[in-house]
Amino acid sequence: MQGKTETRDWIADARVIAAEIEAHADRHDAEESFVAEGYARLRAAGFFKALVPEALGGGGADLADICGAIRVLGAACGSTALAFSMHTHLVAAAAWRLRHQDAPTEGLLRRVAAEDLILVSSGGSDWLESAGTAEKVEGGFRITARKPFSSGCEMGHLLMTSAVYDDPEAGPTVLHFGVPLNADGVAIADAWHVLGMRGTGSHDLVLDGVFLADAAVAGRRPQGKWHMLFHVISMIAFAAIYSAYMGVADGARRRALEIARTRTPDAHMLQRVGEMENAHAAADMATREMIAIAVGGQPGPDTTSRAMICRTLLGTAAIDTVSRAMDVAGGASFYRKAGLERAFREVQGARFHPLQREPQLALAGRVALGLDIDG
């Protein structure tokens with residue numbers, strides 16, 4: 001009788017990779033170079049197809065496990081974790097939509113598994129409004145756009161993006177589609193010179209008259225309005241993305257405690273450590289709820305609002321954790337060799353993903369009051 005196949009421990013495998021890539025993190029930060037070693041190692045270990053169902057050739061991993069793996073990676077190299085999370089959430093959403101909505105994403109998932117594709121997201125820079133233009137031509141559209149924050153594009157294969165078509169009947173309509181990064185008219189603009197997460201390679205992708213066949217349009221929606229697709233994205237994506245920032249906070253806390261243990265604690269030191277612990281616990285609680293929502297939630301305004309509340313709470317607490325870690329370490333944290341200076345810069349990225357604090361608060365208020373979220 002054949003025994004049951006053992007479930008792969010993705011988090012344990014991530015710990016091995018994290019130990020290997022940690023030594024490269026400072027160099028990529030200093031050089032503003034892409035974390036190629038981390039991406040190559042993750043690809044070789046099957047992480048880019050981990051969330052594809054086994055029946056389609058993938059790893060059949062649970063999203064909670066991959067979020068846990070991203071968190072582990074984030075403690076070692078925030079850039080590797082964050083860039084990988086952008087691919088991860090695209091695959092996770094495609095798999096969820098196939099399973100729960102019978103959406104036509106099977107072909108994409110099969111390609112990710114068979115070709116070991118690396119997906120690149122432009123969603124954070126587009127969101128509900130999208131950006132760029134789609135001009136109707138014979139057989140399809142010509143796409144002209146500039147897509148910033150295209151994490152992992154230096155090793156990516158397929159850009160998952162959108163553009164706006166001024167439909168003469170329906171009005172401004174967002175078209176969703178994938179574009180091969182080696183397609184005619186696609187170019188990487190060297191634009192990623194930033195405060196932190198420098199190794200993500202989140203350059204601008206320029207689409208200059210790229211042809212998009214009618215059959216390649218994966219979806220259409222009214223511009224600027226909430227759509228079920230974005231409720232699915234909100235439910236799933238930010239659990240993966242913010243697991244990277246949780247990992248950065250984990251790493252900062254660990255380094256601060258290592259420094260603190262070399263000193264004789266006084267009342268001030270104990271208070272600083274306690275404040276760091278409170279902030280870290282708050283971030284951890286928000287992380288766990290975000291993952292629970294992503295794994296077991298049902299997309300809609302209530303779920304989106306709750307996930308976005310967690311996104312704000314986690315981001316604030318992660319930033320606070322790293323700031324408190326610097327207080328715990330004292331002057332040592334000002335030196336790059338302590339690792340806290342890089343963590344402080346990396347975690348600031350948690351401020352900028354949608355929905356940022358003010359739009360999130362407005363959404364939470366509308367949902368709480370029973371108002372139209374598109375009002």
Side-chain angles (χ1 to χ4, degrees), residues 7-15 18 47 50-51 60-76 78 80-82 84-86 88-89 91-93 95-96 100 231-254 256-257 273-325 343 346-347 349-351 353-357 360-361 363-364 367:
T7 302
R8 178 172 174 181
D9 191 338
W10 293 94
I11 295 175
D13 291 346
R15 290 193 185 101
F47 272 83
L51 289 171
D62 292 332
L63 178 57
D65 287 340
I66 300 305
C67 288
I70 291 170
R71 180 171 175 172
V72 167
L73 294 169
T80 299
L82 185 60
F84 174 60
S85 77
M86 297 301 173
T88 294
H89 80 72
V91 179
W96 191 95
H100 294 279
H231 289 307
V232 173
I233 291 169
S234 298
M235 182 178 77
I236 291 173
F238 296 96
I241 294 168
Y242 276 76
S243 288
Y245 292 109
M246 186 69 239
V248 173
D250 288 340
R253 172 183 176 268
R254 185 192 70 227
L257 290 174
V273 172
E275 289 172 340
M276 179 182 71
E277 291 296 276
N278 281 7
H280 183 263
D284 180 71
M285 292 174 196
T287 299
R288 293 176 188 277
E289 179 159 353
M290 286 185 85
I291 293 171
I293 290 169
V295 171
Q298 289 298 318
D302 289 340
T303 298
T304 291
S305 180
R306 189 68 177 180
M308 290 297 181
I309 288 169
C310 289
R311 167 247 176 266
T312 294
L313 295 177
L314 196 165
T316 299
I319 291 170
D320 195 24
T321 298
V322 180
S323 181
R324 301 292 184 181
E346 287 181 338
V347 81
R351 301 173 183 270
H353 302 273
L355 291 175
Q356 292 183 36
R357 186 174 184 274
Q360 178 271 305
L361 293 173
L363 175 65
V367 170

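Treat the numbers as computed from the prediction; the structure is a model and nothing was measured. By convention here, the first residue in the shown sequence is residue 1.
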Q: Return the minimal non-hydrogen interatomic distance between Ala252 and Val322, and the atom names on each side.
A: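 Looking at all heavy atoms of both residues, the closest pair is CB-CG2, 3.9 Å.
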Q: Nearest 0.5 Å please: distance from the CZ atom of Arg15 over to the CG atom of Asp9.
A: 7.0 Å
Q: For a side chain to side chain contact (heavy atoms under 4.5 Å, CB included) check, start with the C-alpha distance between Tyr245 and Leu82, then their side-chain angles and the critical distance, and finish with the verdict.
A: CA-CA 8 Å; Tyr245 292 109; Leu82 185 60; 3.4 Å; yes
Q: For Ala350, is there any backbone N or O sitting under 3.5 Å from a side-chain donor or acceptor partner on Tyr242?
A: yes
Q: Before giving the answer on side chain to side chain contact (heavy atoms under 4.5 Å, CB included), spell out for Trp10 and Asp62 the whole-Å C-alpha distance, their side-chain angles and the decisive distance to 0.1 Å.
A: CA-CA 9 Å; Trp10 293 94; Asp62 292 332; over 6 Å; no
Q: Nearest 0.5 Å, please: how far is OG1 in Thr312 from NE2 in His353?
A: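 Taking NE2 in His353 and OG1 in Thr312, the distance rounds to 12.0 Å.
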Q: Identify the heavy atoms of Leu73 and Ala14 that sit nearest to each other, and give their distance.
A: CD2-O, 3.9 Å
Q: May I ask you to decide if Thr287's main-chain N or O and Arg71's side chain share a donor-acceptor pair within less than 3.5 Å?
A: no
Q: Hey, could you give me the CE/CE distance between Met235 and Met308, rounded to the nearest 0.5 Å?
A: 12.0 Å
Q: If I take atom CD1 from residue Ile236 and atom CD1 from residue Ile293, how far apart are they, to the nearest 0.5 angstrom?
A: 11.5 Å
Q: So which heavy atom on Ala69 is nearest to which on Phe47, and how close?
A: CB-CE2, 3.9 Å
Q: Which heavy atom of Ala18 sits nearest to which heavy atom of Ala76, and what is that distance?
A: O-CB, 3.5 Å
Q: Evaluate Leu63 against Ile291 for side chain to side chain contact (heavy atoms under 4.5 Å, CB included), listing each step before the verdict.
A: CA-CA 8 Å; Leu63 178 57; Ile291 293 171; 6.0 Å; no
Q: Under 4.0 Å between a Lys/Arg side-chain N and an Asp/Glu carboxylate O for Glu277 and Arg253?
A: yes
Q: Is Thr316 close to Arg357 at the side-chain level, that is, under 4.5 Å between some pair of heavy atoms?
A: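 No, too far: nothing below the 4.5 Å cut-off.
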Q: How far apart are the closest heavy atoms of Ala283 and Ala317, and which atoms are they?
A: N-CB, 3.5 Å
Q: Can you give each donor-acceptor pair under 3.5 Å made by side-chain atoms of residues 297-305, sequence neighbours left out, with the distance rounded to 0.1 Å?
A:
unit_1 : atom_1 : unit_2 : atom_2 : d
Thr303 : OG1    : Gln298 : O      : 2.6
Thr304 : OG1    : His231 : ND1    : 2.7
Thr304 : OG1    : Gly300 : O      : 3.2

Q: Strictly below 4.0 Å, N to O, side chains only: are Asp250 and Arg254 in salt-bridge contact?
A: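 No salt bridge links Asp250 with Arg254.
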Q: Do Arg306's NZ or CZ and the ring of Phe238 fall within the cation-pi criteria of under 6.0 Å and 45°?
A: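 No; the conditions do not both hold, so Arg306 does not lie above the ring face of Phe238.
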Q: Measure the CZ-CG distance between Arg8 and Asp13 for me, rounded to the nearest 0.5 Å.
A: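 Atom-to-atom, Arg8:CZ and Asp13:CG are 4.5 Å apart.
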Q: Any idea which heavy atoms bring Ala256 and Met276 closest together, and the distance?
A: CB-SD, 3.9 Å
Q: To the nearest 0.5 Å, how far apart are CD1 in Ile70 and CE in Met246?
A: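 Ile70 atom CD1 to Met246 atom CE measures 14.0 Å (nearest 0.5 Å).
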Q: Okay, side chain of Thr88, backbone of Phe84: is any donor-acceptor separation there less than 3.5 Å?
A: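 Such a contact is found between Thr88 side chain and Phe84 backbone.
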